[in-house]
Amino acid sequence: MWDLLGRIKSGSYKAPPVRRHSIPKADGTMRPLGIPTFEDKAAQRAIVMLMEPVYEADLLPCSHGFRPGRSAHDALNAVRDGAMSGKRWVMDADISKYFDTISHTHLRGFLDQRIKDGVIRRMLDKWLKAGVRDEGVLQRTGKGTPPGGVISPLLANVFLHHVLDQWFEQEVQRRLPGDSLLVRYADAAVMLFENVLGKRLGRYGLQLHPDTTR
């Protein structure tokens with residue numbers, strides 16, 4: 001472990017490609033699963049422990065997924081309370097292939113605003129560039145978080161914090177008549193607002209799932 005820490009600090013750590021394995025889903029399609037190495041998981045956990053306190057100070061109360069002290073039950077309770085308080089028009093939104101389509105360019109821009117430490121940024125870049133190995137074939141793209149990675153939920157929350165949560169609070173809520181509500185758990189969200197969400201997500205390379213958004 002001390003050798004791992006030394007390689008992280010010196011910059012000699014090499015992020016390995018994530019091994020990908022697909023399993024069947026109930027609808028007949030295949031769900032790709034990422035299988036990182038044990039060492040890579042340990043390295044990602046160390047970086048998460050450094051980044052999490054920074055972003056816990058920034059992330060908004062509407063975000064419930066993959067955060068300490070928050071759960072899916074908290075998200076459901078927030079939706080229930082919103083409905084009971086008279087918010088009758090509800091949009092249930094799900095982003096299609098979210099973790100696989102996060103733009104590295106936009107993500108790096110968001111990270112620039114808070115993460116200045118060179119060691120952390122270097123490690124994040126290595127994971128974003130590492131790619132996946134699917135049936136022996138190495139694949140690299142300019143989008144997506146490390147499949148199965150410990151770091152991925154935090155990066156996903158950072159991305160939607162800027163793309164969706166802040167936008168809803170700062171731009172949408174003040175323009176809507178009456179009260180409005182956003183409750184997000186990872187890439188799924190329940191909200192009240194006029195139908196401008198698809199255009200907003202499209203600007204950042206994301207797309208609403210046509211079957212599970214209603």
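None of the values given here were measured: they were computed from a predicted structure.
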Full working for side-chain contact (heavy atoms from CB on, under 4.5 Å) between M51 and I151
CA-CA 10 Å; M51 291 178 60; I151 194 73; 4.2 Å; yes
Flag if over 12 foreign heavy atoms under 6.0 Å of CD, E135:
no
Hits for side chain to side chain donor-acceptor pair (under 3.5 Å) against E56, two or more places apart or cross-chain, chain-then-number order -> R67
Within one Ile-Leu-Val-Met-Phe-Trp-Tyr cluster: V163 and L128, side-chain cutoff 4.5 Å
yes
Apart from I23 itself, which Ile, Leu, Val, Met, Phe, Trp or Tyr residues share its cluster (side-chain heavy atoms under 4.5 Å, direct or through members)?
L33
When you look at Y13 and D40, which way does the side-chain contact (heavy atoms from CB on, under 4.5 Å) test go after all the steps?
CA-CA 10 Å; Y13 180 82; D40 211 38; 2.4 Å; yes
Does anything in residues 138-158 form a side chain to side chain donor-acceptor pair (under 3.5 Å)? List the pairs, not counting sequence neighbours.
T145-S152, N157-R184
Among all residues two or more places apart in sequence or in another chain, which pass the side-chain contact (heavy atoms from CB on, under 4.5 Å) test with R114?
V54, Y55, D58
Under the side chain to side chain donor-acceptor pair (under 3.5 Å) rule, collect the residues that match up with D117, sequence neighbours excluded.
none
Using the test side-chain contact (heavy atoms from CB on, under 4.5 Å), find all partners of A156 that sit at least two apart in sequence or belong to another chain.
Y98, F99, I102
Expected output: side-chain S10 to main-chain G6 donor-acceptor under 3.5 Å:
yes
List for me each residue that meets side-chain contact (heavy atoms from CB on, under 4.5 Å) alongside I35, sequence neighbours excluded, and say none if there are none.
R19, H21
Does a sphere of radius 6.0 Å around CZ in R122 hold more than 12 heavy atoms from other residues, nucleotides or ligands, not counting ones at 6.0 Å or beyond?
yes
Name each donor-acceptor pair under 3.5 Å that joins a side chain in residues 69-77 to protein atoms two or more places apart or in another chain, with its distance.
unit_1: R70; atom_1: NH1; unit_2: P61; atom_2: O; d: 2.9
unit_1: R70; atom_1: NH1; unit_2: S63; atom_2: O; d: 3.2
unit_1: R70; atom_1: NH1; unit_2: H64; atom_2: ND1; d: 3.4
unit_1: S71; atom_1: OG; unit_2: H73; atom_2: N; d: 3.3
unit_1: S71; atom_1: OG; unit_2: D74; atom_2: N; d: 3.3
unit_1: S71; atom_1: OG; unit_2: D74; atom_2: OD2; d: 3.3
unit_1: D74; atom_1: OD2; unit_2: S71; atom_2: N; d: 2.9
unit_1: N77; atom_1: ND2; unit_2: H73; atom_2: O; d: 3.2

With V150, which residues qualify under side-chain contact (heavy atoms from CB on, under 4.5 Å), at least two apart?
K41, Q44, R45, V48
For V132, what are the other residues in its hydrophobic cluster, where any two members join if their side-chain heavy atoms are less than 4.5 angstrom apart?
V18
Pairs flagged by side chain to side chain donor-acceptor pair (under 3.5 Å) wherever residues 99-111 is involved - sequence neighbours left out
R108-D125
What heavy-atom pair brings A189 and L182 nearest, and what distance separates the two atoms?
CB-CD1, 4.0 Å
Can you establish whether the number of heavy atoms outside K116 located under 6.0 Å from its atom NZ is more than 12?
yes
What pairs of residues pass the ring pair (Phe, Tyr, Trp, His ring centres under 6.0 Å) test when at least one of them lies in residues 118-151, not counting sequence neighbours?
none
